[in-house]
> 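This is the structure I want to talk about, given as structure tokens.
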Amino acid sequence: MSQFKRRYVRLEEACDKTYLTKWDILEAIEEDKLCLFAQISATSLGAIHPPSQSVAAIFDYKGLVQLTNSTSKQFALSLEPVPVQHVIVVELHCINRWRSVTDAFDNVLQTSFKFSPNALTQPNKPFLAYMTINASLTTESMVGEFITKASKVLPNEVIHQVAEQYPSQRGQRLSTDAMTVKPTQIRVDMEEVVRVFGEAALLNGGCQAVSTVETTLNSTVGHTANQYLGTVNAPTDIRLNSVTQPMPIHPIAQIAYRVLKHNPQARADKVWNTIRQDVRENEFNRQFDVDALVESITQDSVTWFGRGDNENTMSYDSFRKNVVVDVRRQIRALE
């Protein structure tokens, strides 16, 4: 059983429950230490059968899904809505209408994937799925539909002959598609946050673990009590230096931090324009972008180099709503 009343929380709430900033968590995602989850409500997902990589069944789902590492990293770098094609279904009780492909869709003539003719048994553990299975008329069916309608309007012998060649069969073609996940749908697993950063990252210092130790101390001899105390205190000593950081980790947040320390009252647009001026006027020896990571910055977006010379982009809107807000909060916490 989880030690948290709500295991999956929004990114902002995870920051409220810990000493971590949003950028600490995003950095862990970029390094593949954490992955993200999303709250979705969708129909016609396609369960993937691992051995054959075929679609085992179609189902509806309203609950949490785990995003793949690549999708999680894409969101962490942009903080923008992301297209999601594959998800890991984690809340099995939220599955509805588990059925075969042919039961879900009539007259399937073509597919962009392999599928099982009969629905396989619903899994009893998390599984991979296509986010959306779409149905559309095949090319032949669309031609047949058009010609059939034309033959009713234009009673021409040639048209009737073509209509016989392309009968209206309304055959369907199935394909996989992506669904856009918005930032408001994103969730973080608090148990995974604790696994990565340690219980000392929690604002209450891992109160449940500590309260359990205190209860044990009241009924245990001194030698055993000292053992428990060592278990609780050691992680705290180790983690405090890493979770209470003097500056954010995210490179753009670090630059904004320097600007706001220089001009605490600056609005988001002023911070942005200060960075633009710094980048435009100084190719290398920059005052705020001290590592010269920013490649370009316009009125609408900033592009910078990340690990391994990867090119990353963030919009001004995300900068204004997320970066500046979080950096101000961190500056207030350190004062």
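Since we're looking at a predicted model, the values are computed, not measured.
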> What is the minimum heavy-atom distance between Trp272 and Gln299, and which atoms define it?
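Closest heavy-atom pair between Trp272 and Gln299: NE1-O, 3.7 Å.
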
> May I have the step-by-step check of side-chain contact (heavy atoms from CB on, under 4.5 Å) for Tyr316 and Val302, ending in yes or no?
CA-CA 7 Å; Tyr316 169 72; Val302 58; over 6 Å; no

> Would you check if Asp326 and Thr21 make a side-chain contact, meaning some heavy-atom pair closer than 4.5 Å?
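A side-chain contact under 4.5 Å is absent here.
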
> I need the minimum non-hydrogen distance between Leu36 and Ser72, along with the two atoms involved.
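Where Leu36 meets Ser72 most closely, the heavy atoms are N-OG, 3.0 Å.
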
> Quick one: pull up OG in Ser315 and CG in Asn322 and give me the separation to the nearest 0.5 Å.
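The OG atom of Ser315 sits 8.5 Å away from the CG atom of Asn322.
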
> Quick check on Arg329: does its CZ atom have over 12 non-hydrogen neighbours (other residues, nucleotides or ligands) under 6.0 Å away?
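Buried by this count: over 12 neighbours within 6.0 Å.
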
> Please round to the nearest 0.5 Å and tell me the distance separating atom CZ of Arg280 and atom OG of Ser296.
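So the gap between those two atoms works out to 12.5 Å.
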
> For residues Leu260 and Ala266, report the shortest heavy-atom separation together with the two atoms involved.
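Smallest interatomic distance, heavy atoms only, reads CD2-O, 3.8 Å.
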
> If you define the side chain from C-beta out and look only at heavy atoms, does anything of Leu20 sit under 4.5 Å from Phe197?
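Yes, at least one pair of side-chain atoms sits under 4.5 Å.
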
> Taking Gln287 as the fixed residue, which of Glu281, Gln277, His262 is the one that meets the side-chain contact (heavy atoms from CB on, under 4.5 Å) rule?
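So, applying the side-chain contact (heavy atoms from CB on, under 4.5 Å) to Gln287 and each of Glu281, Gln277, His262, only His262 qualifies.
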
> Less than 4.5 Å apart, any side-chain heavy atom of Ser318 and any of Ser78?
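Counting from C-beta outward, Ser318 and Ser78 never come under 4.5 Å.
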
> Taking Asp60's backbone N and O only, do any of them form a donor-acceptor pair with Asn96's side chain (distance below 3.5 Å, no angle check)?
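Pair absent, no side-chain N/O of Asn96 close to backbone of Asp60.
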
> Determine whether Leu77 and Val327 fall in the same hydrophobic cluster, where Ile, Leu, Val, Met, Phe, Trp and Tyr are linked whenever their side-chain heavy atoms lie under 4.5 Å apart.
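No.
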
> Between CD of Glu191 and OH of Tyr8, what distance do you get to the nearest 0.5 Å?
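Here the rounded value is 7.5 Å.
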
> Can you tell if the side chain of Ile95 reaches within under 4.5 Å of the side chain of Val89, non-hydrogen atoms only?
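Side-chain contact under 4.5 Å: yes.
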
> Does His49 reach the side chain of Val55, with side-chain heavy atoms less than 4.5 Å apart?
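Contact flag for His49/Val55 side chains = no.
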
> Could you tell me whether the side chain of Glu27 reaches within less than 4.5 Å of the side chain of Glu31, counting heavy atoms only?
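Glu31 reaches Glu27 side chain to side chain.
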
> Roughly how far apart are Thr274 OG1 and Asp269 CG, rounded to 0.5 Å?
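Reported value, rounded in 0.5 Å steps: 9.0 Å.
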
> Main chain of Asp278, side chain of Asn282: is a donor-acceptor contact present, judged purely on distance under 3.5 Å?
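Yes; at least one donor-acceptor contact below 3.5 Å.
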
> Please report the C-alpha distance between Arg10 and Glu13 in whole Å, then the side-chain angles of each, then the deciding distance to 0.1 Å, and finally whether the salt bridge (charged side-chain N to carboxylate O under 4.0 Å, His left out) criterion is met.
CA-CA 5 Å; Arg10 290 176 174 82; Glu13 188 175 350; 5.3 Å; no

> Of all the heavy-atom pairs spanning Arg99 and Arg97, show the shortest one and how long it is.
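Between these two residues, the closest heavy atoms are NH1-O, 2.5 Å.
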
> Table please: side-chain donor-acceptor pairs of residues 115-133 below 3.5 Å, with sequence neighbours left out.
residue : atom : partner : partner atom : Å
Ser116  : OG   : Asn118  : O            : 2.7

> side-chain contact (heavy atoms from CB on, under 4.5 Å) between Tyr257 and Ile331: does it pass, once the steps are laid out?
CA-CA 8 Å; Tyr257 178 90; Ile331 290 174; 3.7 Å; yes

> Taking the side chain as everything from C-beta on, heavy atoms only, tell me whether Met314 gets closer than 4.5 Å to His250.
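They are in contact (side-chain heavy atoms under 4.5 Å apart), so the answer is yes.
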
> How long is the span from the CD1 atom in Ile58 to the OG1 atom in Thr43, to the nearest 0.5 Å?
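The OG1 atom of Thr43 is 10.0 Å from CD1 of Ile58, to the nearest 0.5 Å.
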
> Would you compute the distance between atom OG1 of Thr18 and atom CD1 of Ile25 and round it to the nearest 0.5 angstrom?
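It is 5.0 Å, given to the nearest 0.5 Å.
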
> Please tell me if the side chains of Thr303 and Asn312 come closer than 4.5 Å, counting only heavy atoms from C-beta onward.
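A side-chain contact is absent here, since even the closest heavy-atom pair is not under 4.5 Å.
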
> Start with the C-alpha distance between Met190 and Val9, add both sets of side-chain angles, then the distance that settles side-chain contact (heavy atoms from CB on, under 4.5 Å), and finish with yes or no.
CA-CA 7 Å; Met190 285 302 298; Val9 300; 3.8 Å; yes

> Any salt bridge linking Glu30 with Lys73? Criterion: basic side-chain nitrogen under 4.0 Å from a carboxylate oxygen.
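No, this pair does not count.
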
> Which heavy-atom pair separates Asp289 from Val294 by the least distance, and what is that distance?
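Closest approach of Asp289 to Val294, heavy atoms only: OD2-N, 3.0 Å.
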
> Side-chain atoms of residues 62-70: list all donor-acceptor pairs with protein atoms under 3.5 Å, sequence neighbours left out, distances to 0.1 Å.
residue : atom : partner : partner atom : Å
Thr68   : OG1  : Ser70   : OG           : 3.3
Thr68   : OG1  : Thr71   : N            : 3.3
Thr68   : OG1  : Thr71   : OG1          : 3.0

> Taking Gln185 for the side chain and Lys182 for the main chain, is one N or O donor matched with an acceptor at less than 3.5 Å?
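It does hold such a pair.
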
> Step by step, would you call Val323 with Trp23 a side-chain contact (heavy atoms from CB on, under 4.5 Å)?
CA-CA 9 Å; Val323 175; Trp23 308 110; 3.2 Å; yes

> Linking I/L/V/M/F/W/Y whenever any side-chain heavy atoms sit under 4.5 Å apart, do Tyr61 and Leu92 land together?
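Result: yes, single cluster for both.
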
> Return the minimal non-hydrogen interatomic distance between Ala268 and Arg328, and the atom names on each side.
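Distance-wise, the nearest heavy atoms are N-NH2, 4.2 Å.
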
